[in-house]
Protein chains: 4
Amino acid sequence: MTLTASVVGASGFAGGELLRLLSAHPEFEVVQATSREYENRTVGHVHPNLRELDLRFSDPEGLESVDALFAATPHGVSMANVESYLGAAERLIDLSADFRLGTEAAYDEWYDGHTAPEYLDGATYALPELGREGLADADIVASGGCNATATMLALKPLVDADLLQPDDQVVADLKVGSSEGGAGGGAASSHPERSGVVRPYAPTGHRHEAEIEEQLGLSLSFTVHAVDMVRGAAATCHTFPTGPSVEGGVETADLWSAYRDAYEGEPFVRLVAGGGGVYRYPEPKSVAGTNLAEVGFAADGERVVAFAAIDNVMKGAAGQAVHAANLAFGLEETAGLTQTGFHPVGSP
Amino acid sequence: MTLTASVVGASGFAGGELLRLLSAHPEFEVVQATSREYENRTVGHVHPNLRELDLRFSDPEGLESVDALFAATPHGVSMANVESYLGAAERLIDLSADFRLGTEAAYDEWYDGHTAPEYLDGATYALPELGREGLADADIVASGGCNATATMLALKPLVDADLLQPDDQVVADLKVGSSEGGAGGGAASSHPERSGVVRPYAPTGHRHEAEIEEQLGLSLSFTVHAVDMVRGAAATCHTFPTGPSVEGGVETADLWSAYRDAYEGEPFVRLVAGGGGVYRYPEPKSVAGTNLAEVGFAADGERVVAFAAIDNVMKGAAGQAVHAANLAFGLEETAGLTQTGFHPVGSP
Amino acid sequence: MTLTASVVGASGFAGGELLRLLSAHPEFEVVQATSREYENRTVGHVHPNLRELDLRFSDPEGLESVDALFAATPHGVSMANVESYLGAAERLIDLSADFRLGTEAAYDEWYDGHTAPEYLDGATYALPELGREGLADADIVASGGCNATATMLALKPLVDADLLQPDDQVVADLKVGSSEGGAGGGAASSHPERSGVVRPYAPTGHRHEAEIEEQLGLSLSFTVHAVDMVRGAAATCHTFPTGPSVEGGVETADLWSAYRDAYEGEPFVRLVAGGGGVYRYPEPKSVAGTNLAEVGFAADGERVVAFAAIDNVMKGAAGQAVHAANLAFGLEETAGLTQTGFHPVGSP
Amino acid sequence: MTLTASVVGASGFAGGELLRLLSAHPEFEVVQATSREYENRTVGHVHPNLRELDLRFSDPEGLESVDALFAATPHGVSMANVESYLGAAERLIDLSADFRLGTEAAYDEWYDGHTAPEYLDGATYALPELGREGLADADIVASGGCNATATMLALKPLVDADLLQPDDQVVADLKVGSSEGGAGGGAASSHPERSGVVRPYAPTGHRHEAEIEEQLGLSLSFTVHAVDMVRGAAATCHTFPTGPSVEGGVETADLWSAYRDAYEGEPFVRLVAGGGGVYRYPEPKSVAGTNLAEVGFAADGERVVAFAAIDNVMKGAAGQAVHAANLAFGLEETAGLTQTGFHPVGSP
């Protein structure tokens, strides 16, 4: 049995990655890829890696009936079209922020409100490492934000192990690649201006804080920096845990226990913490092109530094979406996501 | 039926790529990976992308019996050990230059001679697009040089179509990534010195000229430049064809015919020549991480510019070797090599 | 005595570099910097390196009277405004292509014609290394194209020394940085698409061929590649000289003579050809941020490879313009241009 | 009057930068540059930007008598040679860590002890923005660590303004370029391994914490990440001030006051905090090649994020040293340090 899938917003980076993953997926077949701007062009015209794919962009107005509709559109598009999406597909897997938060109030606070709040209850947050409950029955699967994904993967074990408490101090300092800015680009995204940067943006008030607070119950300080890579998001979370498990200090061994407990059996989490050689802590390079997250940590007296590194286009967007879709449709969890990364590698 | 394989010199970049490919290959099973320097270390210690692989480096002195021995050692090692390699394996697939040239005289001219010339007759040049004859019976398969591979893929159709003659002027100007320098590194390969370069090296007298002359019968001018990417080799071949098919000028349509004829049915060659959008000619980025070669051309009066772009670690080394091994062992030609590339991508 | 200067088109990369140079110049004083888009903004708003400069962009319609008007506008703007520019200034130093070619016919052939051809006779090509004649009397100084500049600096000594003849085969293969695309940017210039590239563009028919032919009398094959750096242009010129000085072969010593003769006393040309260490041939990195050109060569039988590397924003644009202006106004030739480069350096 | 200067350890990156600065300095004349490895080679052999400099490396055993000896050697060399350095020079300006801390106990705690503790009292910390007292009389001027310099410049105004208290939580998250690793390089510094990284190193226990604690009285959490640039260090300091000036919240206006007060009249500090355009916060790119520090901040409820960006080879090493030497010798404070930065720029 093959499931049919369409990708709405397929000319963007996450949309192209969905095409890459789904066209090689053992259970899904891509029947439609939409793009207003590139209607009738081959997908390979925009995504040179997909030149062999015999598929052309079509107009998003004429949606075909499918099992799964993956939407990789800018924020606001999915909430405006959710009725037609769910009319065309059994499930909507949405990569925008439109269904990530649980309440209309949250959208009022962090975004410009929500135009289809009645659908929020039917939506489930996608990131499987936070829990697979609800995914099997979800009409709408909301793929998490890339920066939030990296941050939560770093922090979750500390919460689970009763080390980190809701009111503990947590500073998340993110370093991200230029693909997060999307395919459009403006002056700030041009190569001359964006090369070689360490550029703080959203030093405060980043919207991804909202979903982290909802999912993990943590209120954190969150600052994102653009650095010179194309793919990748790395979270360094400086935490000061005071939970009951702390008891006078956190040792490296305690952290190994906490992280192993949290991610035992998880197919897409790899623990990297110390050891020798060149690659001692999580690095985006090491997981580039894959759905893996590298997660690690270091103990420092009363501070615990937690790290996570992902490919923002994969684990932070398209890979997470396919992972959640696999679970939603009852497929093998890792189907279509077993790619290995590269060495050496610049910044894929 | 699974074939057993060992990788000698497995801690280098090409060796690590062989491990990546062979460990996911449907027909091969890696039973040994050797490295003197990292003996007993896990392969993931050196190659962070392979952390999930349950394999440790072993000493190259204790070779196990296998069907295929892949050697990814520095030049000179294979010729010194060819007897023991062929004693341990049915076939040697060699990624060094040690068996690429056909005669001892050529090694005297271009290298420091050859210590096992009696084996040269049993060796077959690997690059399948130049012809698959001999691969099935070869004791030794000699994977081509990365720069030579790109150059020959660009030029072969012009030779086949009787456009380019042996004495025609050909200038090959190559741009290559830092992985060509190998895992060792010296001052010139350090990040501060190697970043942002356009650095001519080997402006004249590059050894890859030798195999191009042997394989294509062309004598060319060959200059290699280091540029700021990790993986990738791009050949721009400026040619001035005078062959019988030229007849008063070469038009773009003639070139399309020549290139289509040459590469029809080739699973790993993709023609890219003009068209719109961002990606109009061959680019290493578009094939990074894959065994594909992008090949293209432009007509310019009496000059024909021929382009080819490859991932030097893949099509220029490990991928070509596996491709040839597939043919040598009678396997499906594309087995283990069907990875799709990425978009966007920096320089994997 | 201070000369007054204005910069028209001051928000672009070359315009900003003119502001940097002129504001620190011992003889010039910047009295106006125009930009329609950023009118009334400080120049530091666009050019962060110039935050200390107390100057705001003004409308180009209200030109002040100055000694020197530097125009760094897109092609076509200067020819449309030449009358008003020369009304406002004693001399126009133009960085566009509008006055680089000598005849209306050339503009018909290579551009879309010329709207003020009566001014072409009063224009002098700026690159001082090609000859300083005419600069002192020129109403219009036409700064050369960056790619043409690098190419001509590499080739001129071969012409002067009667090595290279007008009909000899010359292939110029250029590698250039992203600043050549200007401050605007489009999809192709966005960081995700432009990072890590070796991208042939204008594989044939590049307009800079026209000025090289006019200036050096050479007809060459010219192909430009984008590579991953911001500043820099490197020309590798593969030549096959047959001139009277060739006499059975060109030796390295002949080339040293030719290049030393050509550039003796030139303050902005540095010969780099062989030697040891990391930096053996011309590299854009080594001259980044300076008005220097590195020029070098290698002999290879009947082929001579000539190299030149410049900072395209400096020697290829603003630096060349200031150099020529110094000569036109009878100032010290190197005034304001004595900056030393950097080591280590990525790609400034 | 010209002061004579020698540079010991002149083949390294900081040593080369000292040569660049001092050879163009209006008051200093370089009379000696030492390097064991490159003895008798021209300085341009190692530092291609200095090819015009008529100077050869000499053996450090034969020190000439000078006014100022600048030592840019690895940690431990200066303390071993301090007697001979001070025998040869009126003042030692030391760029290593050997005289940065005030007490032998501190060296026991953070380094491997100190072999010449009797000289510690005669040493003065160089960073002028922390106070110029003592510099005029110092026998030894100890140039600060690059990461400490960036961090302290970000934080000092918060301390001065009674916002930040000694026990307040401060997390400093640093992003640094590859030139910090020095000219030697190893596998981790090779271009293939170092490109495109976000690599945590020294996640805890970085030695620069020691000098920050001594200079500012703050005890902070300090984590350094390697990112893909050559020059540059950026500090993002997440602080939670509780000082008497906080009084129920810190507003942006309060921060402007604090930072303006702290740096009024400082020639090498530039405040950048918000505003429009591409460059809104401190970025290493904007100060690359200069002695400037960009310093900025953002208020976020109870958190204040303080930023600083420097060129680690300049303000973080050679530029700071020359600045301090200017003060020590009673010269114009900015002599030799007035270079303007670049736009656009990759990562010089």
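Worth knowing before you read on, the calculation uses all heavy atoms, side chains too, and leaves out hydrogens, waters and symmetry mates. Quick note on labels: first sequence line is chain A, next is B, and so on, each numbered from 1.
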May I have all residue pairs that pass salt bridge (Lys or Arg N to Asp or Glu O under 4.0 Å) and include part of residues 287-296 of chain D, sequence neighbours excluded?
C:R51-D:E294, D:R270-D:E294
Identified side chain to side chain contact (heavy atoms under 4.5 Å, CB included) partner of D:K175 from the options A:T236, A:V198, A:V197
A:V198
Give the interface residues of residues 308-316 of chain A toward chain D, defined by a heavy-atom separation under 4.5 Å.
none
Considering only heavy atoms, which portion of D:V345 lies under 4.5 Å from any heavy atom of chain A: side chain, backbone, both, or neither?
backbone
Mind ranking D:S221, D:P192, D:A298 by heavy-atom pairs under 4.5 Å with chain A and telling me who comes out on top?
D:S221
Would you call the rings of D:H225 and A:F307 parallel, tilted or perpendicular, taking 30° and 60° as the class edges?
perpendicular
Can you check whether D:E193's main-chain N or O pairs, donor with acceptor, with A:K285's side chain at less than 3.5 Å?
yes
Atom group of D:H191 that falls short of 4.5 Å from chain A, counting heavy atoms
neither
Between A:P203 and D:V305, which heavy-atom pair has the shortest distance, and what is it?
O-CG2, 4.3 Å
Kindly give the heavy-atom pair with the smallest separation between A:T204 and D:A299, and that separation in Å.
CG2-O, 3.9 Å
Which of the residues A:G346, A:G177, A:P344 is involved in the greatest number of heavy-atom pairs with chain D at under 4.5 angstrom?
A:G346
Show the nearest heavy-atom pair for residues D:G196 and A:M229, with the distance to one decimal.
O-SD, 4.0 Å
Given a strict heavy-atom distance threshold of 4.5 Å, which part of D:R231 is in contact with chain A: side chain, backbone, both, or neither?
neither
Contacts of D:D108 meeting salt bridge (Lys or Arg N to Asp or Glu O under 4.0 Å) (sequence neighbours excluded), chain-then-number -> none
A:R303 CZ to D:Q169 CD distance, which is reported to the nearest 0.5 Å:
9.0 Å
Option that, when pairs with chain A are counted at under 4.5 Å, heavy atom only, ranks first among D:V227, D:D173, D:V278
D:D173
Please classify the contact between D:F297 and chain A as side chain, backbone, both or neither, with a heavy-atom cut-off of under 4.5 Å.
neither
Distance, nearest 0.5 Å, that separates CG of D:D300 from OG1 of A:T223:
7.0 Å
Does any backbone or side-chain atom of D:V171 lie under 4.5 Å from a heavy atom of chain A? Answer side chain, backbone, both or neither.
side chain
Compare every heavy atom of D:P282 with every heavy atom of A:P200, then report the nearest pair and how far apart it is.
CD-O, 3.6 Å
Side chain / backbone / both / neither for A:Y201 at chain D, heavy atoms under 4.5 Å:
neither
Picking from A:P284, A:G277, A:A234, A:S347, which has the most non-hydrogen pairs under 4.5 angstrom with chain D?
A:P284
N/O donor to acceptor pairs below 3.5 angstrom from side-chain atoms of residues 144-159 of chain A, sequence neighbours left out:
residue : atom : partner : partner atom : Å
A:N147  : ND2  : A:E180  : OE1          : 3.4
A:T149  : OG1  : A:G145  : O            : 2.8
A:T149  : OG1  : A:Q320  : NE2          : 3.1
A:T151  : OG1  : A:N147  : O            : 2.8
A:K156  : NZ   : A:D160  : OD2          : 2.6

